[in-house]
Amino acid sequence: GENVEQHPSTLSVQEGDSAVIKCTYSDSASNYFPWYKQELGKGPQLIIDIRSNVGEKKDQRIAVTLNKTAKHFSLHITETQPEDSAVYFCAASISTGNQFYFGTGTSLTVIP
Amino acid sequence: DTAVSQTPKYLVTQMGNDKSIKCEQNLGHDTMYWYKQDSKKFLKIMFSYNNKELIINETVPNRFSPKSPDKAHLNLHINSLELGDSAVYFCASSQGARDQPQHFGDGTRLSIL
(Lines give C-alpha, C1' and ligand atoms only; values in the text may rest on other atoms or scores of the structure.)
Protein backbone atom coordinates (compact mmCIF):
# COMPACT_ATOMS: atom_id res chain seq x y z
CA GLY A 1 0.00 0.00 0.00
CA GLU A 2 0.88 3.67 -0.01
CA ASN A 3 3.24 5.16 2.57
CA VAL A 4 3.13 8.90 3.28
CA GLU A 5 5.87 10.57 5.30
CA GLN A 6 5.48 14.10 6.64
CA HIS A 7 8.11 16.52 7.96
CA PRO A 8 8.66 18.29 10.24
CA SER A 9 6.58 16.97 13.11
CA THR A 10 6.68 20.36 14.84
CA LEU A 11 7.29 23.81 13.41
CA SER A 12 7.47 27.21 15.10
CA VAL A 13 7.56 30.43 13.12
CA GLN A 14 7.28 34.10 13.91
CA GLU A 15 4.11 35.83 12.85
CA GLY A 16 4.50 37.11 9.31
CA ASP A 17 7.08 34.52 8.31
CA SER A 18 6.43 31.64 5.92
CA ALA A 19 5.91 28.00 6.88
CA VAL A 20 6.61 24.98 4.69
CA ILE A 21 5.52 21.41 5.38
CA LYS A 22 6.73 18.56 3.18
CA CYS A 23 5.33 15.14 2.39
CA THR A 24 6.62 12.24 0.35
CA TYR A 25 4.65 9.29 -0.98
CA SER A 26 5.68 5.91 -2.30
CA ASP A 27 3.03 4.80 -4.81
CA SER A 28 3.31 6.42 -8.25
CA ALA A 29 -0.40 5.63 -8.79
CA SER A 30 -1.36 8.25 -6.20
CA ASN A 31 -3.19 11.05 -7.96
CA TYR A 32 -4.95 13.18 -5.34
CA PHE A 33 -3.24 15.06 -2.52
CA PRO A 34 -5.35 16.97 0.02
CA TRP A 35 -4.12 19.00 2.97
CA TYR A 36 -6.08 19.23 6.21
CA LYS A 37 -5.91 21.64 9.14
CA GLN A 38 -6.98 20.39 12.55
CA GLU A 39 -7.62 22.92 15.30
CA LEU A 40 -7.83 21.93 18.94
CA GLY A 41 -11.02 20.04 19.68
CA LYS A 42 -12.12 19.99 16.04
CA GLY A 43 -12.02 17.57 13.15
CA PRO A 44 -9.60 17.93 10.23
CA GLN A 45 -10.76 20.52 7.72
CA LEU A 46 -9.72 20.52 4.07
CA ILE A 47 -7.72 23.65 3.26
CA ILE A 48 -6.36 22.90 -0.19
CA ASP A 49 -5.89 19.96 -2.52
CA ILE A 50 -4.05 19.18 -5.73
CA ARG A 51 -4.38 16.54 -8.41
CA SER A 52 -1.56 14.84 -10.23
CA ASN A 53 -2.14 16.71 -13.49
CA VAL A 54 -1.28 20.03 -11.79
CA GLY A 55 2.08 21.17 -10.44
CA GLU A 56 0.98 24.03 -8.21
CA LYS A 57 -2.19 25.47 -6.74
CA LYS A 58 -2.66 28.62 -4.73
CA ASP A 59 -5.47 29.96 -2.55
CA GLN A 60 -4.69 33.32 -0.97
CA ARG A 61 -1.92 32.72 1.58
CA ILE A 62 -1.66 28.97 1.10
CA ALA A 63 -0.20 27.07 -1.81
CA VAL A 64 0.61 23.47 -2.59
CA THR A 65 3.28 22.20 -4.97
CA LEU A 66 3.58 18.71 -6.38
CA ASN A 67 6.64 17.02 -7.87
CA LYS A 68 5.45 13.73 -9.35
CA THR A 69 8.90 12.64 -10.42
CA ALA A 70 10.31 12.97 -6.93
CA LYS A 71 7.00 11.88 -5.35
CA HIS A 72 6.75 14.76 -2.96
CA PHE A 73 4.35 17.60 -2.32
CA SER A 74 4.53 20.60 -0.03
CA LEU A 75 2.26 23.06 1.73
CA HIS A 76 3.36 26.68 1.81
CA ILE A 77 1.76 29.24 4.13
CA THR A 78 2.87 32.83 3.68
CA GLU A 79 2.41 35.79 6.05
CA THR A 80 1.54 33.44 8.89
CA GLN A 81 -0.90 34.56 11.55
CA PRO A 82 -1.55 33.20 15.07
CA GLU A 83 -4.80 31.62 13.84
CA ASP A 84 -2.73 29.44 11.49
CA SER A 85 -1.52 27.56 14.59
CA ALA A 86 -2.90 24.01 14.30
CA VAL A 87 -1.94 20.48 13.29
CA TYR A 88 -1.65 20.02 9.53
CA PHE A 89 -2.00 16.68 7.75
CA CYS A 90 -1.13 15.74 4.22
CA ALA A 91 -2.74 12.76 2.52
CA ALA A 92 -2.49 10.80 -0.70
CA SER A 93 -5.13 8.85 -2.55
CA ILE A 94 -4.43 6.13 -5.11
CA SER A 95 -6.55 6.19 -8.25
CA THR A 96 -7.41 2.50 -7.85
CA GLY A 97 -7.87 2.58 -4.10
CA ASN A 98 -10.67 3.50 -1.74
CA GLN A 99 -8.95 5.46 0.98
CA PHE A 100 -6.63 8.27 1.98
CA TYR A 101 -3.21 7.58 3.37
CA PHE A 102 -2.48 10.30 5.90
CA GLY A 103 0.85 11.71 6.96
CA THR A 104 1.74 11.80 10.65
CA GLY A 105 0.89 15.49 11.09
CA THR A 106 2.80 18.72 11.71
CA SER A 107 2.07 20.86 14.73
CA LEU A 108 2.51 24.47 13.59
CA THR A 109 2.86 27.25 16.14
CA VAL A 110 2.84 30.86 14.99
CA ILE A 111 4.44 33.11 17.60
CA PRO A 112 2.91 36.60 17.82
CA ASP B 1 -26.53 23.09 9.53
CA THR B 2 -23.46 21.03 10.47
CA ALA B 3 -22.33 18.92 7.52
CA VAL B 4 -21.03 15.89 9.45
CA SER B 5 -22.28 15.56 12.98
CA GLN B 6 -21.29 13.03 15.62
CA THR B 7 -22.85 12.27 18.96
CA PRO B 8 -21.84 12.22 21.69
CA LYS B 9 -18.88 14.63 21.70
CA TYR B 10 -17.52 13.08 24.89
CA LEU B 11 -17.96 9.55 26.16
CA VAL B 12 -16.58 8.42 29.51
CA THR B 13 -17.26 4.85 30.50
CA GLN B 14 -15.96 1.83 32.37
CA MET B 15 -13.89 -0.97 30.91
CA GLY B 16 -16.06 -3.84 29.71
CA ASN B 17 -19.06 -1.70 28.79
CA ASP B 18 -20.68 -1.48 25.35
CA LYS B 19 -21.17 1.91 23.72
CA SER B 20 -22.26 3.44 20.42
CA ILE B 21 -21.27 6.56 18.53
CA LYS B 22 -23.62 8.01 15.95
CA CYS B 23 -22.73 9.88 12.78
CA GLU B 24 -24.92 11.69 10.29
CA GLN B 25 -24.03 13.69 7.20
CA ASN B 26 -26.30 16.09 5.32
CA LEU B 27 -24.02 16.58 2.31
CA GLY B 28 -25.70 13.96 0.16
CA HIS B 29 -22.46 11.95 0.03
CA ASP B 30 -22.50 8.23 -0.71
CA THR B 31 -19.38 7.21 1.22
CA MET B 32 -18.73 7.40 4.95
CA TYR B 33 -15.73 6.56 7.12
CA TRP B 34 -14.64 5.99 10.68
CA TYR B 35 -11.16 7.02 11.79
CA LYS B 36 -9.35 6.60 15.09
CA GLN B 37 -6.92 9.31 16.25
CA ASP B 38 -4.58 8.32 19.06
CA SER B 39 -2.77 10.54 21.54
CA LYS B 40 0.04 11.15 19.03
CA LYS B 41 -2.52 12.51 16.55
CA PHE B 42 -2.08 9.64 14.08
CA LEU B 43 -5.20 9.25 11.94
CA LYS B 44 -5.98 5.62 11.21
CA ILE B 45 -8.85 4.51 9.04
CA MET B 46 -11.07 1.83 10.52
CA PHE B 47 -14.02 1.38 8.17
CA SER B 48 -15.53 2.78 5.01
CA TYR B 49 -19.01 2.31 3.58
CA ASN B 50 -20.07 3.17 0.06
CA ASN B 51 -23.82 3.17 -0.55
CA LYS B 52 -24.30 1.22 2.68
CA GLU B 53 -21.80 -1.47 1.63
CA LEU B 54 -18.59 -2.09 3.52
CA ILE B 55 -15.59 -1.36 1.28
CA ILE B 56 -12.77 -0.95 3.79
CA ASN B 57 -12.34 -2.95 6.95
CA GLU B 58 -8.87 -2.39 8.31
CA THR B 59 -7.36 -4.58 11.00
CA VAL B 60 -9.75 -3.65 13.76
CA PRO B 61 -10.87 -5.93 16.59
CA ASN B 62 -14.25 -7.47 15.89
CA ARG B 63 -15.49 -5.74 19.05
CA PHE B 64 -15.96 -2.77 16.71
CA SER B 65 -19.00 -3.08 14.47
CA PRO B 66 -20.12 -0.36 12.07
CA LYS B 67 -23.72 -0.12 10.97
CA SER B 68 -25.05 1.93 8.08
CA PRO B 69 -28.85 2.10 8.09
CA ASP B 70 -28.81 4.47 5.11
CA LYS B 71 -26.34 6.53 3.10
CA ALA B 72 -26.55 9.46 5.50
CA HIS B 73 -25.71 7.52 8.66
CA LEU B 74 -22.81 5.39 9.82
CA ASN B 75 -22.83 4.37 13.46
CA LEU B 76 -20.06 2.66 15.39
CA HIS B 77 -20.79 0.16 18.11
CA ILE B 78 -18.04 -1.02 20.42
CA ASN B 79 -18.38 -4.06 22.67
CA SER B 80 -16.38 -4.90 25.78
CA LEU B 81 -14.46 -1.63 25.85
CA GLU B 82 -10.77 -1.82 26.74
CA LEU B 83 -8.33 0.80 28.01
CA GLY B 84 -6.61 0.88 24.61
CA ASP B 85 -9.83 2.02 22.98
CA SER B 86 -9.38 5.46 24.53
CA ALA B 87 -8.97 7.84 21.59
CA VAL B 88 -10.82 10.38 19.48
CA TYR B 89 -13.03 8.81 16.84
CA PHE B 90 -13.84 10.78 13.70
CA CYS B 91 -16.56 10.21 11.19
CA ALA B 92 -16.09 11.53 7.64
CA SER B 93 -17.93 11.49 4.34
CA SER B 94 -17.17 11.99 0.66
CA GLN B 95 -18.86 11.75 -2.70
CA GLY B 96 -17.33 8.59 -4.08
CA ALA B 97 -14.58 6.61 -2.41
CA ARG B 98 -11.76 7.72 -4.70
CA ASP B 99 -9.95 10.96 -5.24
CA GLN B 100 -12.55 13.10 -3.51
CA PRO B 101 -12.29 15.40 -0.49
CA GLN B 102 -13.41 13.93 2.77
CA HIS B 103 -15.40 16.05 5.21
CA PHE B 104 -14.86 15.30 8.89
CA GLY B 105 -17.02 15.63 11.95
CA ASP B 106 -15.62 17.17 15.14
CA GLY B 107 -14.91 13.84 16.77
CA THR B 108 -15.99 11.83 19.79
CA ARG B 109 -13.49 11.67 22.63
CA LEU B 110 -13.78 8.24 24.23
CA SER B 111 -12.22 7.78 27.65
CA ILE B 112 -12.15 4.38 29.32
CA LEU B 113 -11.81 4.33 33.10
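Because only heavy atoms are used, hydrogens play no part in the values below, and waters and symmetry mates are left out as well, while side chains stay in.
When the side chains of ILVMFWY residues are joined at heavy-atom separations under 4.5 Å, either directly or via intervening members, B:Val4 and B:Tyr10 end up in two distinct hydrophobic clusters. Hydrophobic cluster membership differs between B:Leu110 and B:Leu43, with clusters built from Ile, Leu, Val, Met, Phe, Trp and Tyr side chains linked at under 4.5 angstrom. A:Val110 is connected to A:Ile62 through a chain of hydrophobic side-chain contacts under 4.5 Å among Ile, Leu, Val, Met, Phe, Trp and Tyr, so both are in one cluster. A:Phe102 and A:Tyr88 sit in two unconnected hydrophobic clusters of ILVMFWY residues. Membership requires side-chain heavy atoms under 4.5 Å apart, directly or through other members. Residue A:Leu108 is not grouped with residue A:Val87 when hydrophobic side chains (ILVMFWY) are merged at heavy-atom distances under 4.5 angstrom, including chains of intermediate members.
Atom CG of B:Asp106 sits about 10.0 Å away from atom CD of A:Glu39, to the nearest 0.5 Å. Residue B:Lys41 holds its NZ atom at 13.5 Å from OG1 of A:Thr104, rounded to the nearest 0.5 Å. In this structure, CD on B:Gln37 lies 5.0 Å from CZ on A:Phe89, to the nearest 0.5 angstrom. Atoms NE2 and CD, from B:His103 and A:Gln45 in turn, are 9.0 Å apart once rounded to the nearest 0.5 Å.
If you tally non-hydrogen atom pairs under 4.5 Å between each of B:Ile45, B:Ile55, B:Asp99 and chain A, the highest count goes to B:Asp99. Note: A:Pro44 leads A:Ser93, A:Pro44, A:Gly105 in heavy-atom pairs under 4.5 Å with chain B.
Taking the six-membered ring for Trp, A:Phe100 and B:Tyr33 have ring centres at least 6.0 Å apart.
Shown here is A:Glu79, whose CD atom has no more than 12 heavy atoms of other residues, nucleotides or ligands within 6.0 Å. Within a 6.0 Å radius of NZ in A:Lys42, no more than 12 heavy atoms belonging to other residues, nucleotides or ligands are found. For A:Leu40, the CG atom is loosely surrounded, since the number of other residues' heavy atoms within 6.0 Å does not exceed 12. Applying the 6.0 Å contact sphere to CD of B:Glu53 captures no more than 12 heavy atoms from other residues, nucleotides or ligands.
Neither the backbone nor the side chain of B:Lys44 comes within less than 4.5 Å of any heavy atom in chain A. Contact of B:Gln100 with chain A is made through backbone and side chain together, with heavy-atom distances under 4.5 Å.
Of all residues in residues 66-75 of chain A, none places a non-hydrogen atom less than 4.5 angstrom from a non-hydrogen atom of chain B.
A 4.5 Å side-chain heavy-atom check between A:Gln38 and B:Phe90 finds at least one atom pair inside the cut-off.
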